[in-house]
Every structure is written in structure tokens, then in C-alpha cells.
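Here's the structure we're looking at; comments come further down.
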Amino acid sequence: MSVLVIAEHNNATLNSVTASVVAAAVQLDADIHVLIAGSDCSAAATAAGQYQGVSRVLVADNTAYANQLPEAVAPLVSSIAADYTAILAAAGTTGKNLMPRLAALLDAGQISDIVAIEAQDTFIRPIYAGNALATVKTSDPVKILTVRTSAFEPVGNGNNPDQMALDTVISQNKSQFISENLSTSERPELASASIVVSGGRGLGSAENFQLLERIADKLGAAIGASRAAVDAGFVGNDLQVGQTGKIVAPELYIAVGISGAIQHLAGMKDSKVIVAINSDADAPIFQVADYGLVADLFQVLPELESLL
Amino acid sequence: MKILVPVKRVVDANVKVRVSADKSSIDLSNVKMAMNPFCEIAVEEAVRLKEQGVATEIVAVTVGEEKSQEQLRTAMALGADRSIWVEQTGFVEPLAVAKLLKAVVDRESPDLIILGKQSIDGDNNQVGQMLAALCDMPQGTFAFRLSIENGRALVSREVDGGEQVVSLSLPAVVTTDLRLNEPRYAKLPDIMKAKKKPLDKITPAELGVIVSSSMTTIAVHEPPGRKAGIIVGSTGELVDKLRNEAKVIP
């Protein structure tokens, strides 16, 4: 019995969330294969092979998969799905884009955003913005799963499995990649950072986010934001934490000028330690905070910077 | 160009839901319901395409109980020309919804299908992608910008690392993200006019779809609560607590 993990990568490097998906796969007690579908992706394939618990790396290396468009990758995975009892991917935008398309091709349901595995066919997942946890059992012969990676401790490195080339080429021209604009940052990745400093509407402007950046630099933290801050144009959409943005669970989450709407709390309330800094003592963010400071953030942030 | 907009009736976004006493589901009695926010964005985008002269007809569709007709009326008040109610009570899992919508697509032959990227109840984020697969159409998910150029849909997508642009042949499926547009409110005269717009009822049997289910929800629980925190008096005290009590900073 085998399960398949679809790696998240950009051909050159493997996204570290894949290590958490492998960790979820380990709990399914089966041989673990990892698929790298891309173009000139041998570096990512080598990196995936190092994950503990992986017994085989499948490499579909073809220009047809250069941008990993789901119109090409879903039929590719579908063509080998009969070998597997479960297929897993990270519940990021790549996995969310691909996996339901794959599931429909296989006439299977999908269980999204699993946070725990109860049995081979039974999973726990948040619903209603994390206000409830549903235990869901599936009868599908192949389980299509997306994994909330913040809920699974990543596996370590130290492995050398076989590598197998997958020669199937899916050509399609219904969807064409035009361009991408990815933000580059020296800071740790938001989804896997151990400290996140997040700003909301209270920051007031894009310039004021620099106050947060200086603190993030001192702590080696990632920067996050509420929807309000993204909508106002203070920062890019890739920094949004919440129900429909990124889900984070760092050791320390510092929420600055964030009121704490249900949708934001859904993205960060599993953080180990939560700090809220807000001038409004009634802000709902204080209900989930371990440490609250009711004060003007423009006074607090410089003080914080000098004390760290 | 004809646009199909599937919409869903869900709990209002401002309601904090509770688990039912028997821990089998969410208690939805006497809870305010509304159109899923991402569906409102989908309707708005279709209406804007019609206002620009790109679209000629907007058809709203929903799968749900009798009361879900309210959301179709809302869609028509916002600008949809007519609507289709696929009558189905009880929970319908995403794959079954996609199959029902596929049958509607076969009847209506839309050039573009715009729907929300996820509903805020199940948070599944599946139906659009599944529908695209079943119809063998390309998909532009999590769209924050959409235009029709030279017979193709140009979709700018919100992705984890930033933004991506894809070009899709038509017909295509587009799912909406938060920043695609800001939906308008329905005006009273439009709400009145919507009552006279055509709303056709159809059953899964008439569509030739057997609604099946492979998923069983065994239990629903409240997530573990957080223990009450403390309010500190100063920045200095905060740093001290983080350093010496929580031990999360050096």
C-alpha cells in the first residue's frame, strides 16, 4: 500500500511545507512516494528525496509542467492514482488549485485542510472559520487530502530513496501561464516562521509597516497582516493571515493594531503565544491574547524595538 | 457572452456559530443567513462585465433548500437576468454540487462561469475546480482581476508568493478572491424588479444526476479554548513576560 505526496516547489527549491505533508503521510502507515512535477526540477527532486520516510521520488520533468498548471498536472496525477490509497498536498494556493480538479477526475471527494488523522479513512478538519472541528470519514478508495501544514511537525532530512522518471506528458493549451510577480524577502516564510509580527488597519499606512519590519528584523520574524491592512494597500496579499489567507501557528504571534475579526482569528489562534497591542481595550483580539497591551502602538513600537 | 454564476446560501459572515448539543453538526436554527460573501463578489463581477458590454446575459444558479431562492432573488436584484434553483435539501458535498452544476452548464452552455473560491461554512474551496475538471474547462482560481481579451479570459490570481497571471480559452471557470471587486448593495427598486425576473426550479432527477455522498461527518466539536491571558501595564513588562515567563524571545 502506498500514498503519494505532491511536492510544492519552484523547480529549483522545495517549499518547506512539503516536509509537513510528508509528516501527515507518515501517519497513514504506508509507503510514501513524492511526486515532483515541473521542468528542470532535478534540484527539487533531490531535496524531496532527503525527507525521512520517503521511499520513492517520482519525477515528471517536462516543459509541459513548467508552471505546474492544474490543467496539466491533474491529468498527470490522475494517470498514476490507481497505485495509491491517498494523495496529499499542502493546503496552500497551489494544492487548493490542483487537488479538487484531481479529485473530480477520479470521481472522488476531497477532504480539505486536515489538521489531524484519526484513522486511514477518518480526518479532522476545521469548518466555519475554525469555530468548529469536524471529524469526517470517507469511503473513497483513494483519499484526496489537503494538509494544514501548521498542524503537522515537519519530518527531518536523512534519506536516499530511489528516483523514478515519469514520462507521461500532458499537453494542453486551454490555460497558458502569462506571468508572475512573487515578492522576495530575506525574512522567514510566513507560513512556517516561528515568530510572526502582524499589522492591521491601526498601522494607518504602508510607511508605518516599517515600524513592524524593524521589530521583525530584530526577532528574525515574518511579517503578516490583517485583511483590512491588505485591502487598504498597506502590504501585498501574500501577507494576509486569516480564514481565506494564510494559516499560521508560530511560537509567538504579535498582533499590532488588529481588532481581531473572526476571519483573522481563524488564521492565527493556534499560535502558541499571542500578544495583542491595540489602543481599543474592547477589541476582540484581546480575548485570544496571552499578553495584551492596551496602548497607542506608535508609542509602543519604538519602545519595543529598543528593548529587544 | 453568457455568464453563469453559481451562488450559495450560508450563515451570515458576522454570526459566531455554535456546535449543536448532540455534537453532530452546527446549530443553524434562528441564525441569520445570507449569500456567501465570495458569491456576492462573483455576481458583482458578472454584472460589471455586462455593464462593460462584454456580457449579454447573467444566469444565477443555486443548489439548495427552498429558502435558497432568497439568494437567487438577491443575485437578480444585483443584476442577474434570471436564475435556476436546483432543489436539494440537506447537506450536499462539493463533488455532488459540481456534478449538478455541470448538468446545468450542459443545458445553458455559458461562455464563462464565475463563482466564489470558497463558502464560509464548509471552507472547502473545491466546487469551482471540480466543475472545471468535469466540464474539461480551464480554471482561473482566486482571481483578483479579470478581463476578456481576444476571446480569452485573462485572470490575475492571488497565490501564496504574490500574484500570477494566466490566460484561459473560453469557456472557462473563474473563482473569486476578496479583492476582485467591492460588491454593490441592491437598491429597493431593483429588489422589487427582481421579484418579477424568471426563477426556474429543477430537480437533480430532471438534470439526470444522482446525488451521492462518500463523506460522513461523525462528529463536530468546539475547538479547544485558549486560557485567559493577562493585560500588561507597559512595553517593559510585556518584554519581560515574553523573555522570562513565556520564554519565546531571547
Side-chain angles (χ1 to χ4, degrees), chain A residues 70-71 74 92-94 96-97 100-101 103-105 108-110 112-113 122 126-140 174-183 219 227 231 236-238 243-244 251-252 262 269 273 275 288-294 300 303-304 307-308, chain B residues 11 13 16-17 19 26 93-95 98 117-118 120-126 129-130 132-134 137-139 141-142 144 154 158-169 177-179 214-223 226 229-232 235-236 238-239 241-242 246 248-249:
Chain A
E71 291 81 356
T93 51
T94 307
K96 287 174 175 175
N97 195 26
R101 191 170 179 106
L105 293 179
Q110 172 181 310
S112 299
D113 255 316
T122 309
I127 55 175
Y128 288 89
N131 284 304
L133 294 170
T135 306
V136 182
K137 183 176 176 152
T138 170
S139 62
D140 286 320
K174 287 185 172 174
S175 175
Q176 293 166 359
F177 172 85
I178 302 295
S179 64
E180 67 188 358
N181 180 11
L182 303 181
S183 44
L219 291 171
R227 176 189 172 184
D231 283 358
N237 65 277
D238 51 306
Q243 180 183 17
T244 69
E251 296 293 318
L252 173 61
I262 296 172
K269 68 185 167 63
V273 175
V275 171
V288 299
D290 299 283
Y291 302 103
L293 179 54
V294 182
V300 172
E303 287 175 6
L304 193 55
L307 287 171
L308 292 173
Chain B
V11 167
K16 189 168 190 305
V17 296
V19 173
I26 295 292
E93 62 188 48
L95 182 61
K117 74 167 182 178
Q118 78 189 64
I120 59 166
D121 48 4
D123 281 337
N124 283 303
N125 196 329
Q126 296 177 7
Q129 297 88 315
M130 287 178 162
L134 296 177
M137 289 181 193
Q139 66 191 47
T141 53
F142 327 142
F144 71 91
L154 203 60
E158 291 200 2
V159 296
D160 284 339
E163 303 169 359
Q164 183 192 63
V165 183
V166 290
S167 163
L168 312 176
S169 64
D177 216 316
L178 291 170
R179 282 165 281 275
S214 63
M215 310 275 179
T216 319
T217 297
I218 297 171
V220 176
H221 290 284
E222 304 262 0
R226 295 187 71 92
I230 57 165
I231 297 290
V232 295
T235 311
L238 174 65
V239 171
K241 293 279 187 195
L242 292 178
V248 285
I249 60 170

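Within every chain, numbering begins at 1; the chains are lettered A, B, ... in the order of the sequence lines, protein sequences first and strands thereafter. Atom set for the values below is all heavy atoms of this structure, side chains included, hydrogens, waters and symmetry mates excluded.
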[X] side chain near [Y] side chain, heavy-atom distance below 4.5 Å:
X: B:Glu163; Y: A:Asn237; result: yes
X: A:Lys269; Y: B:Pro223; result: yes
X: B:Ile120; Y: A:Tyr128; result: no
X: B:Thr141; Y: A:Lys96; result: no
X: A:Glu180; Y: B:Val159; result: no

Most chain A-contacting option - heavy-atom pairs closer than 4.5 Å, from [options]:
options: B:Ala13, B:Ala133, B:Pro94, B:Ser167; answer: B:Ser167
options: B:Ile230, B:Val19, B:Val239, B:Leu168; answer: B:Ile230
options: B:His221, B:Met130, B:Gln126; answer: B:Gln126
options: B:Glu93, B:Lys16, B:Glu222; answer: B:Lys16
options: B:Gly162, B:Ser169, B:Ser214; answer: B:Ser214

Looking at chain B, which one of [options] has the largest number of heavy-atom pairs inside 4.5 Å, strictly under?
options: A:Ser139, A:Ala104, A:Gly292; value: A:Gly292
options: A:Ser179, A:Gly109, A:Ala132; value: A:Ser179
options: A:Thr94, A:Ile127, A:Asp113, A:Leu308; value: A:Ile127
options: A:Pro126, A:Ala108, A:Ala103, A:Gly236; value: A:Ala108
options: A:Leu105, A:Leu219, A:Ile178; value: A:Ile178

I would like to know whether B:Met215 and A:Asp140 meet side-chain contact (heavy atoms from CB on, under 4.5 Å); could you show each step before the answer?
CA-CA 8 Å; B:Met215 310 275 179; A:Asp140 286 320; 4.1 Å; yes
Counting only heavy atoms closer than 4.5 Å, note whether [X] contacts chain A via side chain, backbone, both or neither.
X: B:Val248; result: both
X: B:Leu238; result: side chain
X: B:Ile231; result: both
X: B:Ala98; result: neither

Verify the distance criterion only: is there a donor paired with an acceptor across the side chains of B:Asp123 and A:Gln243 at less than 3.5 Å?
yes
So for A:Ile262, is it side chain, backbone, both, or neither that comes closer than 4.5 Å to the heavy atoms of chain B?
side chain
Rounded distance (nearest 0.5 Å) linking atom CG of B:Leu242 with atom CD of A:Glu251
12.5 Å
Say whether, by atom type as modelled, one donor and one acceptor occur between the side chain of A:Ser183 and the main chain of B:Gly161 under 3.5 angstrom.
yes
Stepwise side-chain contact (heavy atoms from CB on, under 4.5 Å) check, B:Arg179 with A:Asp231
CA-CA 7 Å; B:Arg179 282 165 281 275; A:Asp231 283 358; 2.8 Å; yes
Check step by step if side-chain hydrogen bond (donor to acceptor under 3.5 Å, both in side chains) holds for B:Gln139 and A:Asn97.
CA-CA 9 Å; B:Gln139 66 191 47; A:Asn97 195 26; 2.8 Å; yes
